[in-house]
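Here is the structure we will look at, set down as structure tokens.
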Amino acid sequence: MQKTVLAMQSLLPDEMSELETHFRVIRLWKQRDPEATIKEERDNIVAILSTYNATRVSESLIEALPNLEIIAQFGVGVNNINIEAAAARDIAVTYTPDVLTNDTADIAVSLVLALARRIVEGDMFVRVSKWQNGPLPLGTTMAGKTAGIVGLGRIGQAIARRLAAFDMNIIYHGREEKQDQPYEYYADLTEMASAADFLVVSCTGGEETKNLVNYGVLEALGSKGFLVNIARGSVVNEEDLLIILRNQAIAGAGLDVFAAEPHVPEAMLTMDNVVLLPHIGSATIETRTEMGQLVIRNLRAHFEGEPLLTPYQ
Ligand code: 8YV
């Protein structure tokens with residue numbers, strides 16, 4: 001008999017079909033009464049397919065599923081999963097690192113470019129025929145400027161390599177200095193923000209980094225500084241950011257992530273000094289295909305008694 005997977009969100013159609021050749025899949029988002037479905041299926045569900053913006057894998061959900069063996073996350077950030085509750089029950093957790101690193105780093109660089117060179121503003125400027133009345137205000141040179149990376153993990157390093165290729169100076173902040181990295185380390189985030197022209201947030205989300213980038217950090221970035229966030233909305237204090245942007249205490253912000261997606265603070269929608277994206281770091285056909293494949297391979301490996309491909313921790 002096929003094992004039952006509780007899916008919180010769909011994979012791409014091909015991967016979803018492939019998943020269904022190996023497992024019985026319950027699409028939770030399609031259920032009229034998701035809670036009732038979970039109760040009815042509680043003994044059957046042995047795996048969860050989860051993702052950052054769907055039903056959370058909370059302690060109570062984990063407790064409600066006595067036969068749960070594995071949680072396979074579609075994504076690299078796992079802050080939607082109660083990892084401690086899973087560990088306490090010895091439930092395996094897998095995720096999809098590496099395959100999305102390049103695409104996510106590309107989005108960070110796109111936001112740096114968009115802000116520095118007024119790309120989105122320029123496009124609008126042409127479309128609404130403002131060009132006829134004079135030139136777009138000047139942008140900012142990237143070469144020679146300093147990018148301060150918050151979180152020099154896999155994605156942070158890929159961003160650093162890309163921005164270094166634009167002749168930018170790279171510095172970083174994180175929990176600890178990385179001996180194998182050539183960039184200057186700042187133990188203090190506010191100090192790094194003072195030294196940076198672009199503050200690029202690429203650390204993990206969750207309680208540990210909640211509101212890490214606050215008023216003081218943004219103020220230190222200064223009126224010529226730009227903020228880019230491709231990590232999690234929770235890392236930046238959104239209220240502080242709104243005040244700072246309103247007062248033009250920084251030059252601008254490029255955001256792919258928000259505190260309560262898909263909600264974007266109303267005030268941001270009319271600001272000229274922001275570039276807003278709908279969380280598209282990993283959103284390419286190639287990467288989402290690879291992420292889906294990795295989810296399937298991890299699930300299969302678990303139930304076939306093989307080592308997991310990408311276990312979390
Ligand atoms: C999402 C992400 O997982 O990997 C992450 O942590 O935030 C994204 O890649 C993706 O959008 C799927 O929902």
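In listed order, ligands and their atoms are each counted from 1. Numbering starts at 1 and runs along the sequence shown.
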For [X] and [Y], test the side chains for any donor-to-acceptor distance below 3.5 angstrom and give the result as yes or no.
{"X": "Q73", "Y": "N80", "result": "yes"}
{"X": "T310", "Y": "N298", "result": "yes"}
{"X": "R232", "Y": "T204", "result": "no"}

**OP:** For Q31, look at atom CD and say whether over 12 heavy atoms of other residues, nucleotides or ligands are found less than 6.0 Å away.
**Re:** yes
Subject >> Co-membership, hydrophobic cluster, residues L255 and L218, 4.5 Å side-chain >> reply: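 L255 and L218: one cluster.
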Original post:
What about the rings of F303 and H22, do their centers lie closer together than 6.0 Å?
Top reply: no
For ligand 1, list every N/O pair with the protein closer than 3.5 Å, one pair per line with the distance.
residue	atom	partner	partner atom	Å
ligand 1	3 (O)	F74	O	3.1
ligand 1	4 (O)	V76	N	2.7
ligand 1	6 (O)	V76	N	3.3
ligand 1	6 (O)	G77	N	2.8
ligand 1	6 (O)	R232	NH2	2.8
ligand 1	7 (O)	R232	NH1	2.9
ligand 1	7 (O)	R232	NH2	3.3
ligand 1	7 (O)	H279	NE2	2.8
ligand 1	9 (O)	S282	OG	2.7
ligand 1	11 (O)	R288	NH2	2.8
ligand 1	13 (O)	T51	OG1	3.0

